[in-house]
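Structure first, commentary second.
Note that the structure is a prediction, hence the values are computed from the model and not measured.
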Amino acid sequence: MADFSLGDAYLELVDDHIDEECVTYYDEDVAELGPWEPKKEEKPLSRIKQKYFSREDPFQVDDYEFYKMYRFSKKTVKKLAETLFPEKRKTMRGLPFDPEQVCCTALKHMGGVSFKDIYVGGNKATALRHFYIFITEVNKQKNSFIEMPAVETMSHTIKALWERYHLWNIVGTVGTSVISLPKKPRGIPEGDNAKNYKDKNGQYALNIDLTCGADNMIYDSRIYAGAESSVPWERSATKRYLDALNLRVFLLGEPSQVLSDMVITPFARWESSQDKNKALFNLRHSMARSDMTHRTMELMKKRFPRLVNPNHKIKIIKQMLQAAMILHNVSIMWNDPMPQELLAADPLAEPVHNVHEEIGQKYFTESSVQIRNELMTTCLQGPMTHNEKQVLNLTMPVNISLSDPQNQDYSHSVFFTYPHNIS
């Protein structure tokens with residue numbers, strides 16, 4: 001039988017070839033890996049670093065949840081951080097909070113969350129500090145976001161209010177809103193008396209004087225104690241601005257204000273209850289004010305629920321209110337309205353429209369009375385809606401008949417053509 005076993009020479013040749021290949025592969029691997037070093041034991045993270053890495057990233061949640069927590073879209077919060085803290089950049093040095101986290105902390109609190117529940121990886125003191133820094137920086141931006149409207153903006157308001165309510169040459173409202181305080185405010189400055197912060201009902205409160213437009217922008221504001229008086233119209237910044245423009249435009253005023261050549265207040269009860277035309281004017285006057293002053297405050301409170309129950313020192317409450325008004329304007333200027341899902345879940349409070357106002361004895365100039373009568377006459381050019389007829393039927397005395405103003409004879413009256421060119 002033939003011997004098929006491999007010879008020793010052949011086996012030695014094959015073994016040498018295999019050894020050469022192994023050495024080649026080994027050398028290549030070592031070259032890639034570098035010199036061998038013993039594996040170092042990983043040190044446990046310090047407590048501070050553990051807290052840093054445990055911080056939640058607010059931008060990881062979906063868009064709707066982000067809006068619910070931080071009251072703005074992700075895009076707006078990032079833009080806000082760049083606006084308020086332009087010199088600060090993200091860094092690991094000292095493991096700080098970055099500007100976006102600072103903004104989110106403050107906005108989450110203004111959205112109603114208490115400081116102790118703000119986030120994981122922080123504490124109450126840090127949250128407080130972020131909130132104070134945030135509102136301070138926001139208030140520095142007041143002149144950029146709260147300012148009187150340009151002529152073009154006023155023209156849009158005039159057109160909108162004429163189409164809705166047939167009110168002529170109205171460029172906005174001036175009114176007062178009340179912010180109730182849950183208890184006696186802390187930190188009242190020396191010399192002030194706590195009772196100055198009580199409103200007419202004996203509740204602690206702050207008043208906000210607002211000048212608003214049809215787009216719910218805030219043009220001017222002032223915050224003061226509940227028992228203090230508003231700045232007289234003659235000394236207001238709004239009047240100085242409109243006087244300088246020298247235009248025949250008007251603002252709708254509250255019943256508590258004094259009728260003037262520029263601020264148009266409603267008719268008193270003794271007039272409106274006996275005159276259906278004055279009653280209709282009062283109703284449209286009230287609806288227009290609600291669309292501006294009332295809706296502006298409601299939108300601001302819905303965006304920042306903390307305004308409904310502020311419990312800081314009085315100085316901080318005032319700063320927070322001012323910051324909220326600036327941020328309200330930011331939401332309009334940067335086109336960031338509240339999602340309809342949020343408003344549907346918690347709708348705005350419905351306004352109460354008054355036809356007959358209780359107005360005390362006040363001195364009115366002859367010119368201001370004439371201007372209001374002219375505005376009432378032009379208001380009657382618009383036909384009554386079904387809802388307006390229902391309201392007037394319920395509020396007018398039974399012996400006062402109602403008829404559509406368009407069906408009446410106004411040949412003796414002077415009408416003003418719309419729109420007037422105010423530019």
So, the side chain of Asp62 versus the backbone of Glu65: is there a donor-acceptor pair under 3.5 Å, distance only?
yes
Heavy-atom side-chain proximity of Val138 to Gln319 below 4.5 angstrom
no
Classify the angle between the aromatic ring planes of Phe66 and Tyr70 as parallel (below 30°), tilted (30 to 60°) or perpendicular (above 60°).
tilted
Do Tyr204 and Asp199 get their side chains close enough for a donor-acceptor pair, meaning under 3.5 Å?
no
Phe250 and Trp168 aromatic ring geometry - parallel, tilted or perpendicular at 30°/60° bounds:
tilted
Which residues pass the salt bridge (charged side-chain N to carboxylate O under 4.0 Å, His left out) test with Arg222, not counting sequence neighbours?
none
Are side-chain heavy atoms of Ile359 and Trp270 found at a separation under 4.5 Å?
no
Are Phe131 and His312 near enough that their ring centres are under 6.0 Å apart?
yes
Does a donor on one side chain sit under 3.5 Å from an acceptor on the other, for Ser273 and His356?
no
So, Asn216 and Thr296: side-chain donor and acceptor under 3.5 Å apart, yes or no?
yes
Please examine the side chains of Val330 and Thr83, heavy atoms only from C-beta on, and report whether any two atoms are closer than 4.5 Å.
no
Thr105 versus Phe115: any side-chain heavy-atom pair under 4.5 Å?
no
Name all pairs fulfilling the salt bridge (Lys or Arg N to Asp or Glu O under 4.0 Å) condition that reach into residues 332-346, sequence neighbours left out, sorted by first residue then second.
Lys302-Asp346
Please give me the minimum heavy-atom distance between Leu206 and Ala225, naming the atom from each residue.
CD2-CA, 4.0 Å
Can any side-chain N or O of Glu388 pair as donor or acceptor with the backbone N or O of Thr385 at less than 3.5 Å?
yes
side-chain hydrogen bond (donor to acceptor under 3.5 Å, both in side chains) filter on Thr176, not counting sequence neighbours, yields Asp209
I'd like to know if Glu298 pairs up with Arg295 as an ion pair, taking the criterion as any Lys NZ or Arg NE/NH1/NH2 lying under 4.0 Å from an Asp or Glu carboxylate oxygen.
no
Donor-acceptor contact present, side-chain Asp275 to main-chain Glu271, <3.5 Å:
no
Test Lys140 against Glu137 for salt bridge (Lys or Arg N to Asp or Glu O under 4.0 Å), laying out the working first.
CA-CA 5 Å; Lys140 291 179 182 178; Glu137 293 302 316; 3.1 Å; yes
Any salt bridge (Lys or Arg N to Asp or Glu O under 4.0 Å) pairs touching residues 254-266, not counting sequence neighbours?
Glu254-Arg289
Under 6.0 Å from the CZ atom of Arg269, do we count more than 12 heavy atoms belonging to anything else shown?
yes
Just jot down the side-chain hydrogen bond (donor to acceptor under 3.5 Å, both in side chains) partners of Arg71, sequence neighbours excluded, or say none.
none
What one should report as the nearest heavy-atom pair of Asp215 and Ile332 is O-CD1, 3.5 Å
What I'd like to find out is whether the side chain of Lys318 reaches to under 4.5 Å of the side chain of Ile314, using heavy atoms alone.
yes
Sequence neighbours excluded, the answer for salt bridge (charged side-chain N to carboxylate O under 4.0 Å, His left out) partners of Glu350 is none
Within the 4.5 Å heavy-atom criterion, are Leu181 and Gln203 side-chain neighbours or not?
no
Which residue, Thr153, Leu210, Ile146, forms the side-chain contact (heavy atoms from CB on, under 4.5 Å) with Tyr219?
Thr153
Compute the ring centroids of His353 and His294, then answer whether they are less than 6.0 Å apart.
no
Pick one: which of Thr238, Asp220, Thr293 meets side-chain hydrogen bond (donor to acceptor under 3.5 Å, both in side chains) with Thr211?
Thr238
Taking 4.0 angstrom as the limit, do Glu100 and Lys78 come out as a salt bridge?
no
Quick check: do Val263 and Val258 have side-chain heavy atoms less than 4.5 Å from each other?
no
Measuring only between side-chain heavy atoms, which start at C-beta, is Arg129 closer than 4.5 Å to Thr126?
yes
Can you see whether Tyr67 has Lys74 sitting over its ring - NZ or CZ less than 6.0 Å from the centre and within 45° of the normal?
no
Any donor-acceptor N/O pair, Asn329 side chain to Met217 backbone, under 3.5 Å
no
